[in-house]
Amino acid sequence: MDKQRPNSAMASNDPDLPDPSGDPQPGDLIEIFRPAYQHWALYLGDGYIINLTPVDESQAAAMSSVKSVFSRKAVVRMQLLKEVVGNDSYRVNNKYDDNHTPLPVCEIIQRAQVLIDQEVSYDLLGSNCEHFVTLLRYGEGVSEQASRAIGAISLVTAAASAFSVLGLINTRSRNRPF
């Protein structure tokens, strides 16, 4: 079974996304391509997904809001996949299956259903929508998206520190009396 079966509510202009084929199966991770980020959901079956949405927004506004990325709280919602995707593209992306063993589908769905309409903490780097759905699927929250962001932040911080130290050394050498 292909672990990254593509699908789309609308044809994607992204040449890296293969043509749509296959249907999501219960327990699959759904990657939704928003204009500035990827949103993640878990497929429950019968066209429904579970995903995180901002606490203070209507369901319609929450589906495409960049504000959701910066929220500190989220609500677990069961929604129709086609409504959440809207005009964006998506694909089934169980990319962590090679390194993490998925829980039995019945357990994934049961764990998800218990959380519907619950308010949860949200943190872009430590507890985001990808962490949420991978926790349901594997019992462990994983987010490559967050890891990349943390790596980028670390690189910028290291570069800024290096420039600061170089500037300090350069300033000291110019101020020497000899």
Side-chain angles (χ1 to χ4, degrees), residues 1-97 100 102 105 108-109 111-113 115-138 140-149 152:
M1 172 183 247
D2 184 7
K3 291 184 173 57
Q4 292 190 16
R5 294 185 311 268
N7 209 329
S8 176
M10 181 175 157
S12 172
N13 293 329
D14 187 341
D16 294 331
L17 290 178
D19 293 331
S21 65
D23 291 317
Q25 299 300 309
D28 278 343
L29 300 178
I30 306 293
E31 182 179 20
I32 301 168
F33 297 91
R34 300 289 194 226
Y37 64 99
Q38 284 80 41
H39 179 65
W40 289 83
L42 182 107
Y43 191 74
L44 297 174
D46 297 324
Y48 284 91
I49 53 100
I50 189 170
N51 71 132
L52 297 180
T53 64
V55 170
D56 59 347
E57 292 187 19
S58 70
Q59 286 186 8
M63 289 180 218
S64 62
S65 173
V66 172
K67 182 180 178 185
S68 64
V69 173
F70 301 106
S71 184
R72 300 296 292 164
K73 292 278 187 187
V75 175
V76 179
R77 297 210 196 274
M78 184 173 98
Q79 299 172 286
L80 284 170
L81 174 60
K82 66 181 180 179
E83 290 177 4
V84 174
V85 170
N87 291 329
D88 295 327
S89 60
Y90 76 96
R91 68 177 170 179
V92 171
N93 190 351
N94 297 321
K95 66 182 178 179
Y96 300 112
D97 283 8
H100 298 82
V105 172
I108 294 169
I109 302 304
R111 291 162 51 112
Q113 289 174 334
L115 294 170
I116 294 171
D117 294 327
Q118 298 293 316
E119 190 173 296
V120 296
S121 294
Y122 182 90
D123 172 19
L124 180 61
L125 299 178
S127 185
N128 64 33
C129 57
E130 188 176 8
H131 288 110
F132 174 72
V133 297
T134 56
L135 182 61
L136 291 172
R137 182 171 174 83
Y138 306 109
E140 177 184 352
V142 183
S143 175
E144 190 176 275
Q145 200 170 207
S147 297
R148 282 194 309 264

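Residue numbers run from 1 in the order of the sequence given.
The shortest side-chain heavy-atom distance between Asp123 and Arg72 falls under the 4.5 Å cut-off. Inter-residue side-chain proximity for Leu80 and Tyr48 is flagged as met; some heavy-atom pair is nearer than 4.5 Å. Side chains of Ile30 and Trp40 form no contact here, defined as non-hydrogen atoms less than 4.5 Å apart. Residues Tyr43 and Val92 have side chains not in contact (no heavy-atom distance under 4.5 Å, counting atoms from C-beta outward).
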Applying side chain to side chain contact (heavy atoms under 4.5 Å, CB included), run through Ile32 and Gln38 and close with a yes or a no.
CA-CA 5 Å; Ile32 301 168; Gln38 284 80 41; over 6 Å; no

Take Asp88 and His39 through the side chain to side chain contact (heavy atoms under 4.5 Å, CB included) test and state the conclusion after the steps.
CA-CA 10 Å; Asp88 295 327; His39 179 65; over 6 Å; no

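By the ring-ring contact (aromatic ring centres under 6.0 Å, His included) test, Tyr138 is found to be paired with His100, residues two or more places apart in sequence or in another chain being considered. The side-chain contact (heavy atoms from CB on, under 4.5 Å) check on Ile50 picks up Leu42, Leu44, Val76, Ala112, Ile116, Phe132, Leu136, with sequence neighbours excluded.
Listed here is the closest heavy atom pair of Ala41 and Asn51: CB-CB, 3.8 Å. Residues Pro102 and Asp97 share a closest heavy-atom pair of CG-OD1, 3.5 Å. The shortest heavy-atom contact between Leu81 and Pro24 is CD2-CG, 4.2 Å. Shown here for Arg34 and Val85, the closest heavy-atom pair between the two residues is NH1-O, 3.6 Å. Closest approach of Val105 to Pro26, counting heavy atoms only: CG1-O, 3.6 Å.
At distances below 3.5 Å, at least one donor-acceptor pair connects side-chain atoms of Asn93 with backbone N or O atoms of Lys95. The backbone N or O of Leu135 lies less than 3.5 Å from a partner atom in the side chain of Arg111, making a donor-acceptor pair. Checked by atom type and distance alone, the side chain of Gln25 pairs as donor or acceptor with a backbone atom of Asp23 at under 3.5 Å.
For the atom pair CZ (Arg77) and CD (Gln118), the distance works out to 12.0 Å, reported to the nearest 0.5 Å.
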